[in-house]
Protein chains: 2
Amino acid sequence: MTIQEAARRSGLSAHTLRYYERIGLIHSVGRDGSGHRDYVETDIRWLAFLTKLRSTGMPIADMCRYAELRRMGEHTFAERQALLERHRERVRARIAELTEDLQVLDHKIATYGGRA
Amino acid sequence: MTIQEAARRSGLSAHTLRYYERIGLIHSVGRDGSGHRDYVETDIRWLAFLTKLRSTGMPIADMCRYAELRRMGEHTFAERQALLERHRERVRARIAELTEDLQVLDHKIATYGGRA
DNA sequence: CTCTCCCTTGGAGTGCGCTCTAAGTCAAAT
DNA sequence: ATTTGACTTAGAGCGCACTCCAAGGGAGAG
């Protein structure tokens, strides 16, 4: 699969795909005869997972750490899981924070006409 | 109230308070005899509101627009309210997105030991 | 008077996450 | 044979939201 197809399927730009590879987020993408990147299905699944992590606000640095652990093999499962659990807590906290702030916003909108 | 006190009470740094003033987010803070900023209670309340907007992910540019409308007086109430309503929709959407992603994360963590 | 300390300003620098450019390669189409 | 267009790399640039710096200005303590 070409970089353009991978871009379309992952929702990332070709620029970003190259960038992710450069920083080690996605490792050893195959090349075809002309040296062009040739993505496979597992790359797309990995990109989908990375995209989930990003969209939940995980910093690139943490994603790199996760990718590194993944490359190191199965004995890093526990650490990877711990990393995801810490992240899950952050996401939960963020949802809680946003939910609270939403109520403040609701109140502000409802009482408009009072002071700004 | 000095800039340090305002910083402490708003949770923003003195640097950020000056920056916010420079870009027009907080207008005409009073000065004392030596030209030092002298914040009052209404400034603190306004900063608290700004902080809410920021923490819910409103871009600085939109906050500036809101601040500008506020300076223009009461006839901008409707537009301000509309701006807040649009923002509220974005916050709701973000909460929904995070909540969905959280489930994916939960699943990933629960089934760990399967494929990474 | 000098030292210390916090304040002022304009402007430069930082970190993050991309995003784009330049220079060059290769393959298919005309 | 040439043109077109998508690809490659290393590296530069950008937008956002700060964050810090340099140079200078009082005010109070010793």
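Labels below follow one simple rule: chain letters A, B, ... track the order of the sequence lines, proteins then strands, and each chain is numbered from 1.
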* To do: Tell me, please, the opening and closing nucleotides of DNA chain D, 5' to 3', among those with an atom under 4.0 angstrom from a non-hydrogen atom of chain A.
  => D:dC7 to D:dG11

* To do: For A:Arg31 and for B:Ser13, locate the closest nucleotide of DNA chain D by heavy-atom distance; then report the residue assigned to the nucleotide nearer the 5' terminus.
  => A:Arg31

Under 3.5 Å, which donor-acceptor pairs do the side chains of residues 89-96 of chain B form with other protein atoms, sequence neighbours left out?
{"residue": "B:Glu89", "atom": "OE2", "partner": "B:Arg92", "partner atom": "NH1", "Å": "2.6"}
{"residue": "B:Arg94", "atom": "NH1", "partner": "A:Ser55", "partner atom": "O", "Å": "2.9"}
{"residue": "B:Arg94", "atom": "NH1", "partner": "B:Glu97", "partner atom": "OE1", "Å": "3.0"}
{"residue": "B:Arg94", "atom": "NH2", "partner": "A:Ser55", "partner atom": "O", "Å": "2.9"}

* For B:Asp62 and B:Pro59, indicate whether the former's side chain and the latter's backbone hold a donor-acceptor pair under 3.5 Å. => no

* What integer distance in Å separates B:Leu17:CG from C:dC6:C1'? -> 15 Å

* Asked: Base, sugar-phosphate, or nothing: which does A:Arg37 touch, judged by heavy atoms less than 4.0 Å apart?
  -> sugar-phosphate

* Pair B:Glu68-B:Arg71, salt bridge (Lys or Arg N to Asp or Glu O under 4.0 Å): steps then yes or no -> CA-CA 5 Å; B:Glu68 188 192 2; B:Arg71 281 198 300 279; 5.8 Å; no

* Atom-to-atom span, CD1 of B:Ile3 to P of C:dC6 - whole angstrom -> 13 Å

Atom pairs, N/O to N/O, protein against nucleotides 13-17 of chain C, distance under 3.5 Å?
{"residue": "C:dG17", "atom": "OP1", "partner": "A:Ile60", "partner atom": "N", "Å": "3.3"}
{"residue": "C:dG17", "atom": "OP2", "partner": "A:Ile60", "partner atom": "N", "Å": "3.4"}

* To do: Give me the ring orientation class for B:Trp46 and B:Tyr66: parallel if the planes are under 30° apart, tilted from 30 to 60°, perpendicular past 60°.
  => parallel

* Asked: Once you round it to whole Å, what is the distance between P of C:dC26 and CG of A:Asp38?
  -> 17 Å

* Closest contact, heavy atoms only, B:Thr2 versus B:Tyr39 -> O-CD1, 4.0 Å

* Asked: Does B:Glu21 reach the main-chain N or O of B:Ser28 with its side chain, forming a donor-acceptor pair under 3.5 Å?
  -> no

* To do: Flag the pair B:Arg31 and B:Asp38 as a salt bridge only when some basic side-chain nitrogen lies within less than 4.0 angstrom of an acidic carboxylate oxygen.
  => no

* Using distance alone, with no hydrogens and no angle criterion, decide if B:Thr56 and B:His87 have a side-chain donor and acceptor under 3.5 Å apart. => yes

* Ignoring hydrogens and angles, are the base of C:dG10 and the side chain of B:Arg18 linked by a donor-acceptor pair under 3.5 Å? -> no

* To do: Can you tell me the distance, in whole Å, between the NE2 atom of B:His15 and the P atom of C:dT8?
  => 12 Å

